[in-house]
There are 2 protein chains.
Amino acid sequence: MDERQLRILRELGELGSVTAVAEALLVTPSAISQQLRLLQRAIPVPLTERQGRRLVLTDAGQALAGAAVEVETALARARHTVEEFLGRPDAQVSVAAFHSAGSAFFPLLLRVLAAPGRPVPRLADEDVPQEDFPRLTREYDIVLGHRLDHAPPWPDTVATTTLLREPLDVAMPVDHPLAAKRRVTPRDVADQRWIAAHDGFPVLAVIEAIAAAAGRRPHLAHRINEFAVVAEAVAAGGGIALIPRWTMRPHPALVLKPLSGVRARRHIDALYRPERTARTAVRTVLTELRHTARVIQNAGPP
Amino acid sequence: MDERQLRILRELGELGSVTAVAEALLVTPSAISQQLRLLQRAIPVPLTERQGRRLVLTDAGQALAGAAVEVETALARARHTVEEFLGRPDAQVSVAAFHSAGSAFFPLLLRVLAAPGRPVPRLADEDVPQEDFPRLTREYDIVLGHRLDHAPPWPDTVATTTLLREPLDVAMPVDHPLAAKRRVTPRDVADQRWIAAHDGFPVLAVIEAIAAAAGRRPHLAHRINEFAVVAEAVAAGGGIALIPRWTMRPHPALVLKPLSGVRARRHIDALYRPERTARTAVRTVLTELRHTARVIQNAGPP
DNA sequence: GGGACGATGTAGTGCCACTAAATGATCGTT
DNA sequence: AACGATCATTTAGTGGCACTACATCGTCCC
């Protein structure tokens, strides 16, 4: 007893003859007759009976044809399930971000999505080395990752959208000798003690580029990834550091000075598997992330 | 997208690997893999993804697997529909009877089935010529028919159960000359005017047999099928008649005298298509008819 | 009765789900 | 680091089954 046989039985109940069913299903009457015989073989009571030269359903056949409607309904629903899954505007969308992007994007994203009928965000922070961001797209619909301006592009296993090109400024205590300058050069800062990120994190490469531009080797005093911790360490006189201009909340005891002569920028990119954009809700969140990026860039951190 | 592919998807969701699904469904992993590929071909977003060396469902796959459960549920219900149809003890059972059987059986049957959980009788009277009783089983689950003791048996296209072997007595007015006898012989009644049934109805053959036993030709004064009408005609002096002993309500102006020397009996049989006894409710009604027959035989008509 | 209509049986064909065996990928182990 | 074990997939080949074409049989209608 399979779907097709039930379909045939149902059509026979509604159309009232084998020939009519055959025409409706675009096959020969012989095929219908054979399938009915096969269906009958599995069932111990007659499902059909001759009425003159026509074939009609018995009571048992009508009972089974009724169940066949449920089967077809369930199958039709199954066939539409994927579309519905893709089309739901209020589905869950998981977004991962490294810390500073999270602190800047998540509040704005939560606010703009806090309405019925909008995607339901599932946010998570994931601070991983550069090369691990693409892998996170297995687990999250959208991953906010960062890389330096000149760094190799993301592997083409993932699709990407650049949300921000954010300058990295030199952070120092407000009473630092360099705090009087409008901008600083690699020569200005090459001999400073640096608070850098761990290996594999993008900020480190910029510090090395700055030192190289001044012909020195960088003095890496501390290795701290989290910018909020970095800021506190800088304020406490632990050294200077590179801090993103827009996504970090300003620290009252610090000043940020733009670097000249070295491209110190990081990209904040949205990484995702292309097929996930088939979901309306995912596309919506991507759009909102782009919009959020403009807000962040114009207004600075919240 | 067919049932099997959905089944495979569902199992993959629950078992978590192609090999496990293959073992569960008693096929090779290759078959599973191929079916998943076919299913995927019909759907624009990935349903599965590699997780290490295993294959697991994506969110879209899980959504579809959920719908697959509904499909399987509907199919399982369809597969049980026939059994349920057969097993329902309180289903409708249609019973047809010729007039006198109806007037005797129907009241008792209605009384014994008048309870929740018992078969719901759909009664009908059908007075047709002898050879038409089997045909009625197309339309009714059970048909009460009658035939004479020595008449040819019912065709074996129908199953039969004999409910009653009922004597046919000679009915006459209470003041008739023969009313003084305990029983009557063919010779006694051969010259009487008879009230007989129409051609094709069993009673007629008995009258002819009586006449033949006495070496006469019967004198058929009237042709009336319905025994209630016959009784009135006899009471009014229209002639004598054969009247069933148990299934006719006694008429106050008539007496019934047994015939000797001639087998004057009719069978009241239940005719039905064998497959209909697959239904519990039909078997129940057949049992109750047999029981009702015993009551009628012992107690006489109600 | 004869012709039209409807259902069914039979032989043959093409498709499809499956198996078997090889390949590729990943994991755990020593 | 290398190996075997495990898991998935691919390929070629096979058997079963749903279908078509054609013939036959029963039923209805004029």
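Since the model is a prediction, treat every value here as computed from it, not as a measurement. Each chain gets a letter, A, B and so on, in the order its sequence line appears, and its residues count up from 1.
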Exercise for the section: Counting heavy atoms from C-beta on, name the nucleotide in C:dT19, C:dA7, C:dG9 closest to the side chain of A:Val18. Expected result: C:dA7
Fill in the blank from the handout: Computed from five pairs at either end and rounded to 10 degrees, the angle between the axes of the helix from C:dG1-D:dC30 to C:dT30-D:dA1 is 30°
Completion exercise
DNA chain D: first to last nucleotide in contact with chain B (atom under 4.0 angstrom from a heavy atom), 5' to 3', is D:dA5 to D:dT11
Practice task
Taking the side chain as every heavy atom from C-beta outward, state whether A:Trp154 and A:Gln130 have any atom pair closer than 4.5 Å.
Solution key: yes
Problem - Pairwise side-chain contact, B:Arg77 with B:His80, heavy-atom cut-off 4.5 Å (strictly under) - result: no
Exercise for the section: For residues A:Val143 and A:Phe98, determine if any side-chain heavy atom of one lies less than 4.5 Å from a side-chain heavy atom of the other. Expected result: no
Exercise for the section: Taking the side chain as every heavy atom from C-beta outward, state whether A:Val95 and A:Arg122 have any atom pair closer than 4.5 Å. Expected result: no
Handout entry: Rounded distance [0.5 Å steps], NE2 in B:His146 versus CD1 in B:Ile268
Key = 8.5 Å
Handout entry: Nearest-Å distance for atom pair CD/P, residues A:Glu23 and C:dA7
Key = 10 Å
Exercise for the section: Describe the nucleic acid contact of A:Gln34 in one word from base, sugar-phosphate, nothing, applying a heavy-atom distance below 4.0 Å. Expected result: base
Fill in the blank from the handout: OG1 (B:Thr48) and CG (B:Leu64) are apart, to the nearest 0.5 Å, by 11.5 Å
Practice task
Quick one: do B:Glu3 and B:Leu75 satisfy side-chain contact (heavy atoms from CB on, under 4.5 Å)? Show the steps, please.
Solution key: CA-CA 9 Å; B:Glu3 189 219 345; B:Leu75 263 165; 3.2 Å; yes
Fill in the blank from the handout: Residue pair B:Leu36/A:Arg4 against DNA chain D: nearer the 5' end by closest nucleotide is B:Leu36
Exercise for the section: In whole angstrom, give the distance that lies between atom CG of B:Leu55 and atom C1' of C:dA25. Expected result: 13 Å
Problem - B:Leu25 CG - C:dA17 P separation (whole Å) - result: 14 Å
Exercise for the section: Look at the side chain of B:Arg223 and the backbone N and O of B:Ala197, then say whether any donor-acceptor pair between them is shorter than 3.5 Å. Expected result: yes
Exercise for the section: Under the salt bridge (charged side-chain N to carboxylate O under 4.0 Å, His left out) rule, what do B:Asp149 and B:Arg266 come out as? Steps first, then yes or no, please. Expected result: CA-CA 5 Å; B:Asp149 225 1; B:Arg266 66 169 184 182; over 6 Å; no
Can you check nucleotides 26-28 of chain C for protein contacts, nitrogen or oxygen pairs under 3.5 Å, and list what you find?
residue, atom, partner, partner atom, Å
C:dT26, O2, B:Arg53, NH1, 3.2

Practice task
Would you confirm whether B:Arg279, through its side chain, and B:Pro89, through its main-chain N or O, come within 3.5 Å as a donor-acceptor pair?
Solution key: no
Handout entry: Sugar-phosphate, base or nothing in reach of A:Ile32, heavy atoms under 4.0 Å
Key = nothing
Exercise for the section: Classify the side-chain pair B:Ser30/B:Gln34 by whether it contains a donor and acceptor separated by less than 3.5 Å. Expected result: yes
Handout entry: Min side-chain heavy-atom separation A:Asp127-A:Asn225 under 4.5 Å
Key = yes
Practice task
Describe the nucleic acid contact of B:Ser17 in one word from base, sugar-phosphate, nothing, applying a heavy-atom distance below 4.0 Å.
Solution key: sugar-phosphate
Exercise for the section: Identify whether any heavy atom of B:Thr19 sits under 4.0 Å from a base atom; if not, whether one sits that close to sugar-phosphate; answer base, sugar-phosphate or nothing. Expected result: sugar-phosphate
Completion exercise
In whole angstroms, the gap separating C1' of C:dA17 from CG of A:Asp2 amounts to 14 Å
Practice task
Output yes when at least one side-chain N/O atom of A:Arg54 is less than 4.0 Å from OP1 or OP2 of C:dC5, else no.
Solution key: no
Problem - Polar pair under 3.5 Å, donor/acceptor by atom type, side chain A:Ser33, base C:dG9 - result: no
Fill in the blank from the handout: Rounded to whole Å, the CD1-P distance (B:Ile8 to C:dC16) equals 16 Å
